[in-house]
There are 2 protein chains.
Amino acid sequence: MKKNYTIKDIARIVGVSKGTVDRVIHQRGRVSQETAEKVKAVMAQFEYRPNPIAKRLKKNTIYNISILLPQKNSDPYWLPCFAAIEQVEREYGHFGIKLNRYYFDPEVTASFLSVGLEAIASKPVAFLMVPLFFREAEIIAEKCKETNIKVATFNNYVNQSKVDFFIGQDLYQSGRVAASLFYILIKEKANLAILHIDESFQNASHMQEKERGFIDYFEINKSKEVKIHIHHLKKEDGFSIEETITNFKRKNAYLDGIFVTTSKAYLLANGGRVSSTKPILVGYDLVEKNIAHLKEGNISFLIHQDPKKQVYLSLTSLVEYFLFDNPFRKQLLLPIDIINAENYSYYLA
Amino acid sequence: MKKNYTIKDIARIVGVSKGTVDRVIHQRGRVSQETAEKVKAVMAQFEYRPNPIAKRLKKNTIYNISILLPQKNSDPYWLPCFAAIEQVEREYGHFGIKLNRYYFDPEVTASFLSVGLEAIASKPVAFLMVPLFFREAEIIAEKCKETNIKVATFNNYVNQSKVDFFIGQDLYQSGRVAASLFYILIKEKANLAILHIDESFQNASHMQEKERGFIDYFEINKSKEVKIHIHHLKKEDGFSIEETITNFKRKNAYLDGIFVTTSKAYLLANGGRVSSTKPILVGYDLVEKNIAHLKEGNISFLIHQDPKKQVYLSLTSLVEYFLFDNPFRKQLLLPIDIINAENYSYYLA
DNA sequence: AGTTAAAATGTGCTCGTACACGCAAAATAT
DNA sequence: ATATTTTGCGTGTACGAGCACATTTTAACT
């Protein structure tokens, strides 16, 4: 039954005015050493914590946070991010949190840089981005450091020293999770492929980490005989991505399983069950087309990277820091959710 | 760039005093029909939303919430709940949220009822419980209804009409998830057991739902030949639970896999790898002993019921309702998290 | 000693809302 | 007609913190 002590309480107990207590709290000087000590002692004794409600009401400032995201008509993987932004706006709008959205074209590196610079030109208190282009992201991050803007990143890893906050998955470990699933899905002997598909190979390191984890798992668990083949696939000139995939499937018909390291597993599931020898598929992300194939049984498992949660948590971490001085951890690694046809629905929206 | 309009703004625009606007908002009467209409119109036009911060500061009321939980030295499954309570206290303490803990002995039905009644005797605004004993839980819930106390439940399902809020998992579906995992773990033919272990069988329906889901899955997916055996295990007089388990294992050595519907899977994993024919184990809950066996490979998968999240979300739903009038959904079904040796660590605390 | 600057402390308003109170005009009663 | 109640509205204070400004106390000079 402990009361929340106020500045007035502390002042009364020490025998000074609240102005003096306030000066001690904010270290604004003009207080004798002696009384400062007394005030501090009493504050400590009664565990004084300033009332964040009153604080907020008084300092009626607006906190602008800029967010740099891929434009809406690009990869549907990013769609849940927008819902997260709206949720934070709803929850914290009355606390003076203003979120400003900026969109870049993921196909055009230069747009990432230019829109990113535009986003921080208005001098927000914080800047959140998905650093698809790590070189450009670092340039923006450095500009933020100069102007004292907190930098948060999600989904893609960049050099920790450049940013204040990162949230995402441990990609190496997610590769291992995928491998552990294949391990129970395959027979005693199997040919497996790691398949990196992306229209543009921005995030090479992103895929490499997953690859490393996947290979390591089978290095350690040797009781099944597995051969791992690594393939990079990209839209070829004169062919659609679908044609490229069909071509790949024909050339590699001997594969028992394919680990698709991007959200494009549905491309391999398309065309469906050619025969009972169709390869086992494990991929990433709960995008609509993947879900459809998961339900059909064409994809065995998906790993959920939860972009919505990533955006929600990065924004709330920043917000709580500015509003309530809650320190945030420099790095947050989200769970590696294993999704199949029986549990996917609980992870949507 | 829309401003947040205040009562004062509205008053100025209408040409009345803030007192009048306030009376309209709270429907306290003493306002002429005519001006009331005008005020309402202007509020609607400028989308007036009362500032929850100021509101909270003024109405300095304390919201007492009572929580009924199993006492700490019982099943370790409940341990994460306490952390959730502390977190909510930290986050909402300054908003006047006070959480009062009450503990019952899960071995003694009567203690549930008596401590529960004690918990609501102090007339809290809300009451959260884990309704292990559904009959007694309904009695308490009815008492709450009479005295206008909001009733929230988690983990165990009770009649929806009796309570205001429920959070937990869809148990039928979680049985199906377990079955879908066995499906890929077993060979073409297999003998599987559903094993209900509990020192006391309070939550019979809890287990039945899981059983039903498990069986249904194999009814639908018939491409593997599975025989399902159902067993109830309970501490027998004169024997320790461990001895009972050993006895069960010896008598049922032919089993290829065992689905343990409670958090006691570790009991079957104990004694470890008797031979290469040891049964495949899938169980529930990330309690310490289960995790240890998961790492060792004695348990293949665990389904995470996330008691911490259950408590956290039920409390925050109530809190946001009282503080900010946020309506809560009557029922919230949490994801059925699939956990193995490679991803468990991200789900712990 | 008196004057003045500097240091230490107190006072009072503000943020937006809730609510008690006050006071005039209108409606009713005597 | 005057007294009294009712209706409709305005005023003012409080919640706790922050900050500008006022006031007192102490120190430092002539």
Side-chain angles (χ1 to χ4, degrees), chain A residues 2-40 42-43 46-63 92-97 322-326, chain B residues 2-40 42-43 46-63 92-98 322-325:
Chain A
K2 62 177 171 236
K3 183 190 184 310
N4 279 331
Y5 283 82
T6 72
I7 279 196
K8 234 158 117 184
D9 292 325
I10 303 295
R12 189 173 32 76
I13 294 164
V14 181
V16 293
S17 75
K18 70 198 180 84
T20 302
V21 176
D22 180 71
R23 273 183 291 263
V24 172
I25 291 169
H26 296 89
Q27 304 172 58
R28 260 196 254 102
R30 328 223 117 239
V31 180
S32 73
Q33 197 81 26
E34 198 180 0
T35 45
E37 298 296 326
K38 265 194 282 181
V39 169
K40 278 184 204 160
V42 172
M43 286 200 302
F46 293 95
E47 291 183 325
Y48 169 75
R49 298 265 164 273
N51 184 331
I53 309 291
K55 203 166 179 162
R56 168 63 205 158
L57 183 62
K58 186 61 188 66
K59 311 193 41 160
N60 214 351
T61 54
I62 283 178
Y63 298 95
Y92 291 97
H94 264 295
F95 288 77
I97 298 298
F322 288 112
L323 291 179
F324 311 124
D325 293 317
N326 279 5
Chain B
K2 60 174 173 240
K3 183 189 185 306
N4 279 333
Y5 284 84
T6 71
I7 279 196
K8 234 159 118 186
D9 291 324
I10 303 294
R12 190 172 32 75
I13 294 166
V14 181
V16 294
S17 76
K18 67 198 179 86
T20 303
V21 176
D22 179 70
R23 273 183 292 264
V24 172
I25 292 171
H26 295 89
Q27 305 172 57
R28 257 194 260 106
R30 325 225 119 237
V31 181
S32 74
Q33 197 82 28
E34 199 181 3
T35 44
E37 297 297 325
K38 267 196 281 183
V39 169
K40 278 182 203 161
V42 172
M43 286 200 302
F46 293 94
E47 291 183 324
Y48 169 76
R49 298 264 163 274
N51 185 330
I53 309 294
K55 203 167 180 163
R56 170 61 206 157
L57 182 62
K58 187 60 190 65
K59 310 191 37 154
N60 216 352
T61 55
I62 283 179
Y63 297 95
Y92 291 96
H94 265 296
F95 288 77
I97 298 297
K98 223 178 140 258
F322 288 112
L323 292 179
F324 309 124
D325 292 316

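Letters go in sequence order (proteins before strands), and every chain restarts at 1.
Side-chain proximity of Ala54(A) to the nucleotides dA17(D), dG10(D), dC15(D) is greatest for dA17(D). Side chain of Lys55(A), nearest nucleotide from dT9(C), dA17(D), dC15(D): dA17(D). The side chain of Thr20(A) sits closest to dT9(C) out of dA18(C), dC15(D), dT9(C).
Heavy atoms of Asp22(A) sit under 4.0 angstrom from at least one base atom. Across all strands shown, Ile7(A) has heavy atoms under 4.0 Å from sugar-phosphate atoms exclusively, and none from any base. At the heavy-atom level, Tyr5(B) lies nowhere under 4.0 Å from the strands shown. Among the protein residues, Arg56(A) comes within range of no part of the nucleic acid, since none of its heavy atoms lies under 4.0 Å from any strand.
At whole-Å resolution of the value, CG in Asn51(A) and C1' in dG18(D) are 13 Å apart. Nucleotide dA20(C) holds its P atom 14 Å from the NZ atom of Lys18(B), rounded to whole Å. The nearest whole Å value for the distance from the CZ atom in Arg23(B) to the P atom in dT17(C) is 16 Å.
A distance-only check finds a donor-acceptor pair linking the side chain of Arg56(B) to the backbone of Phe95(B) [under 3.5 Å].
Contact annotation: side chain of Lys58(A) to base of dG16(C), donor-acceptor pair absent below 3.5 Å.
Among residues two or more places apart in sequence or in another chain, the side chain to side chain contact (heavy atoms under 4.5 Å, CB included) test is passed with Asp9(B) by Lys3(B), Tyr5(B), Thr6(B), Arg12(B).
For the salt bridge (charged side-chain N to carboxylate O under 4.0 Å, His left out) test with Asp325(A), the passing option among Arg49(A), Lys55(A), Lys59(A) is Lys55(A); the others fail.
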